[in-house]
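Take a look at the structure below.
Chain identifiers are assigned alphabetically (A, B, ...) following the order of the sequence lines, protein sequences preceding nucleic acid strands; residue numbering begins at 1 within each chain. Because the structure is a prediction, the values reported are computed rather than measured.
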Amino acid sequence: MIKFKFIDDLCNGLKAAFPNADSELSIVPERCPENMEGDLTINCFRFARNLKGAPDKVADAAAEILAKHPDIEKVEKVKAFVNITMTAVAAHRQTVGDISALLQAGVLEQGRQRILIEYSAPNTNKPQHLGHVRNNTLGMALAALLKRVGHEVIEINLVNDRGIHICKSMLGYQRFGNGVTPESSGIKGDHLVGDFYVKYSRALKDDIEALKKERPELAGKDDDELFLETELGRMTQKMLQDWEAGEPEVRALWQKMNNWVFAGFAETYRRMGINFAHTYLESQTYMLGKDLIADGLEKGVFQKRADGAIFIDLGKLGQKVVLRSDGTSVYITQDIGTTLKKYEDYRPESQIWVVGDEQILHFQMLFAILKKMGYTWADNLYHLSYGMVNLPTGKMKSREGKVVDADDLFAEMVDLAKVAAEERAGGEATSEELAARAEIIGMGALKFMLLKFNPKTTMMFDPQASVKFEGDTGPYVQYACARINSIERKAAERGLAVEAVNWELASAPEEKAVSLLLWQYPQVLQTAAEKKDCSLLVDYLLDVAKAFNRFYRECPVLNAEDDAVKQVRFALCLAVRTVLKDGLATLTIGVPEAM
RNA sequence: GCUUUGGUAGCUCAGUGGAUAGAGCAUCUCCCUCCUAAGGAGAGGGUCGUGGGUUCGAUUCCCGCCCAGAGCACCA
């Protein structure tokens, strides 16, 4: 991060004043509260004990040192806080004054890694919904953030393309499809398949209800228990067995329907801007892991139970079966194998999974097992768990059709952005331009909103509120950029170029506030990457946009009275835009030319 | 029952062992003869779930309790 000159001088001065001080002394200035006078504040409570001095005395000494510093205009001591007002030149010099260095400072000097990140992981029996969109957005933005600070990041997907639920949509198609295709119906492939999954589910529910009427003794049983009592259920199980046996007709249907779904997913991913380096298919990985169990059994990592099942004792986490008594594998067995496969394929230093928080225990167990199996890299596995998305009407429920479909949501956001953009453009833009703008604004608004929440919070998605583009939203940040673009265009028309910038002329509080916010950018990037939390960056970009809008209101750029002032302010605008664009790009959000 | 995450303004969410706890939305005022009003300025709105404890100082850390979500399969 960029360190202001006066900080070093302060550290040295304080060490001299407090002879018993620890050799380690780190002072990071904080933002001064609005109601206090000053640009930054030194909170002496934080490091007084490193100096072996009372906070109040330390603050006295700090105030005395800073008051004499050429970069400091004014010092005010309140309790153990030292509020400082910097000179304009000092505030701008290392921030907007050297914007490329500021951007570069976000990159880690050490500790860069090759990181594998897995996200999305959809099933091929239905289209993606809002929950997937949160997952996709968190995954792609985290990948971009990690890249931004210098890591090598490999994004991968693991598609769940086999299993009983896939057979359900296939059987639904066989029963009710009449040979319809995406081409013949004009329906996107994943939606078409999803429709048959829904039709199947309804038919199964009807069959179970009929069964319960016929045999009242079953009334207390739940639907899963009665699955195999229905003809439809038995056929579904038969289909899964046929699939596993490689029965050609079943395989052909499976392949055909999965291809429809993949084509649909490709469109969803394209619109979000996702590019996976590789997509693993569960149909090709589900048998992995089994052979590792025998090996682990020999080494004593696993134990065999009397009934033949193989398990592992994970202490506090409990016991976990890794091979059923019939010798077949379970979910975690596959994950053991797949994790090893991913490691062998890419040799990453760490792996990240973006998966919902209901699987926290699963991943704790997975990581613990891999460690016990002796893989040293298992210390660097990370489950980025995130909370579910609720609607004002309650939880999303696929079975009840209470879901917000991803493609519908994209269309709705972009349509609304388009209506607004058309109104504002007033015929000044072509329809292609408007469409491109609306795409960037609508998708940006959606991603920004999803990233604004801390990943682990169970968030509420209010469709009504989410389509607004005012307040703490992506478009608010994009709008600040659009305003700067507009200034840039007008500056070019008027022949204003930035030549010699005299930062001394940017001494208004609004101008310094912008610079001092931009100063924090490298640290924000690194902290967000360290915590794997993009919401920190989201909040920061909102702060910058707010500071810019205040500046924009108070300090005319092109209408300033003096040419030199115009240049300084114009330079400040360009620096703001550079950071906002860079930050939004790090969240995988674009910026339109105009709004 | 056990594990775990949360309970902060009417709503959705930030936040932190330190200065008078913040933002957006919603409500109410103002501001387009001025670089884009998807903007700015301001007002009202809080016993930070609750009862204890540690501390110079606790919304933040510890313990109990209440409420809510999630998990506790030879399902994925």
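As judged by a 4.0 angstrom heavy-atom cut-off over every strand, A:Asp543 is placed among residues making no nucleic acid contact. Looking at heavy-atom distances under 4.0 Å, A:Ile164 makes no contact with the nucleic acid at all. Here A:Phe311 lies out of heavy-atom contact (under 4.0 Å) with every strand. At a threshold of 4.0 angstrom between heavy atoms, the contacts of A:Gln478 with the nucleic acid are absent. Using a 4.0 Å heavy-atom distance criterion, A:Val557 is classed as a base contact. As judged by a 4.0 angstrom heavy-atom cut-off over every strand, A:Asp335 is placed among residues making no nucleic acid contact. Among the protein residues, A:Ala480 comes within range of no part of the nucleic acid, since none of its heavy atoms lies under 4.0 Å from any strand. A:Cys555 comes within 4.0 angstrom of a nucleotide base, judged by non-hydrogen atoms across all strands. Among the heavy atoms of the strands lying under 4.0 Å from A:Thr457 are primed sugar atoms or P, OP1, OP2 only; no base atom is included. Within the nucleic acid shown, A:Asn454 comes within 4.0 Å of sugar-phosphate atoms alone, with no base atom in reach, counting heavy atoms only. Within 4.0 Å of A:Arg424, counting heavy atoms only, lies at least one base atom of the nucleic acid.
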Donor-acceptor pairs are to be reported for all side-chain atoms of residues 570-579 of chain A against protein atoms at under 3.5 Å, with residues two or more places apart or in another chain.
from: A:Arg577; atom 1: NH1; to: A:Asn485; atom 2: OD1; distance (Å): 2.8
from: A:Arg577; atom 1: NH1; to: A:Glu488; atom 2: OE1; distance (Å): 2.7
from: A:Arg577; atom 1: NH2; to: A:Glu488; atom 2: OE2; distance (Å): 3.2
from: A:Thr578; atom 1: OG1; to: A:Leu574; atom 2: O; distance (Å): 2.8

Show me the donor-acceptor pairs within less than 3.5 Å that the side chains of residues 548-562 of chain A make with the rest of the protein, sequence neighbours left out.
from: A:Asn549; atom 1: OD1; to: A:Arg483; atom 2: NH1; distance (Å): 2.9
from: A:Asn549; atom 1: ND2; to: A:Tyr476; atom 2: OH; distance (Å): 3.1
from: A:Asn549; atom 1: ND2; to: A:Ala545; atom 2: O; distance (Å): 3.4
from: A:Asp562; atom 1: OD1; to: A:Ala564; atom 2: N; distance (Å): 2.7
from: A:Asp562; atom 1: OD1; to: A:Val565; atom 2: N; distance (Å): 3.4

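Atom C1' of B:U20 sits at a distance of 15 Å from the matching atom of B:U59, rounded to the whole Å. Here the separation of B:G45 from B:U50, taken at their C1' atoms, is 23 Å to the nearest Å. Here the separation of B:A58 from B:C48, taken at their C1' atoms, is 11 Å to the nearest Å. B:C34 and B:G42: their P atoms are spaced 24 Å apart (whole Å). B:G22 and B:U8 have their C1' atoms separated by 10 Å, with the value rounded to a whole Å. Separation of the P atoms belonging to B:C35 and B:U27 is 29 Å when rounded to the nearest angstrom.
Residues meeting the ring-ring contact (aromatic ring centres under 6.0 Å, His included) test with A:His362, sequence neighbours left out: A:Tyr331. Applying the side chain to side chain contact (heavy atoms under 4.5 Å, CB included) rule to A:Asp533 yields the partners A:Asn454, A:Pro455, A:Lys531, A:Ser535, A:Leu536; only residues at least two apart in sequence or on another chain are considered. A:Phe81 meets the ring-ring contact (aromatic ring centres under 6.0 Å, His included) test with A:Phe45; sequence neighbours excluded. Every residue meeting the ring-ring contact (aromatic ring centres under 6.0 Å, His included) condition with A:Trp353, not counting sequence neighbours, appears here in chain and number order: A:Phe363, A:Phe367. Under the rule for a ring-ring contact (aromatic ring centres under 6.0 Å, His included), A:Tyr382 has no partner lying at least two apart in sequence or in another chain.
Residue pairs meeting the salt bridge (charged side-chain N to carboxylate O under 4.0 Å, His left out) criterion with at least one partner in residues 437-449 of chain A, sequence neighbours excluded, are A:Arg271-A:Glu439. Within the structure, salt bridge (charged side-chain N to carboxylate O under 4.0 Å, His left out) contacts touching residues 462-472 of chain A (residues at least two apart or in different chains) are A:Asp472-A:Lys546.
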Sequence-aligned protein contact record of nucleotides 20-31 of chain B, with B where the base is within under 4.0 Å of a protein heavy atom and S where only the sugar-phosphate is: B--SSSS----B
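In this model, the phosphate group of B:C35 is not approached by any side-chain N or O of A:Arg483 to a distance below 4.0 Å at OP1 or OP2. Look at A:Tyr476 and you won't find any side-chain N or O under 4.0 angstrom from OP1 or OP2 of B:A37. Contact between the side-chain N/O atoms of A:Asn549 and the OP1/OP2 oxygens of B:G40 is found at a separation under 4.0 Å. Applying the 4.0 Å criterion to OP1 and OP2 of B:C35, one finds that A:Arg494 has every side-chain N and O outside that range.
Side-chain proximity of A:Ala421 to B:C35, B:A19, B:A38: nearest is B:A38.
The closest side-chain heavy-atom distance from A:Lys77 to A:Asp60 is below 4.5 Å.
Remark: P of B:A41 and OH of A:Tyr552 are 14 Å apart, rounded to the nearest angstrom.
Comparing A:Ala420 and A:Arg31 by the nucleotide of RNA chain B that holds the closest heavy atom to each, the one mapping nearer the 5' end is A:Arg31. Both A:Arg550 and A:Ala309 lie close to RNA chain B; mapped to their nearest nucleotides by heavy-atom distance, the more 5′-ward contact belongs to A:Arg550.
The ring of A:Phe311 has its center no closer than 6.0 angstrom to the ring center of A:Phe302.
Nucleotide B:G1: paired with B:C72 (Watson-Crick or G-U wobble, both distances less than 3.5 Å).
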Could you run down the sub-3.5 Å N/O contacts of the protein with nucleotides 57-59 of chain B?
none

Heteroatom pairs (N/O) under 3.5 angstrom, protein to nucleotides 4-12 of chain B:
from: B:G6; atom 1: OP1; to: A:Lys456; atom 2: NZ; distance (Å): 2.9

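Residue A:Lys52 places its NZ atom among more than 12 non-hydrogen atoms of other residues, nucleotides or ligands, all under 6.0 Å distant.
The pair A:Glu37-A:Lys74 meets the salt-bridge criterion, with a side-chain N (NZ, NE, NH1 or NH2) lying under 4.0 Å from an Asp/Glu carboxylate O.
Look at A:Phe45 and the base of B:G17; the rings do not stack under the cut-offs of 5.5 Å between centres and 30° between planes.
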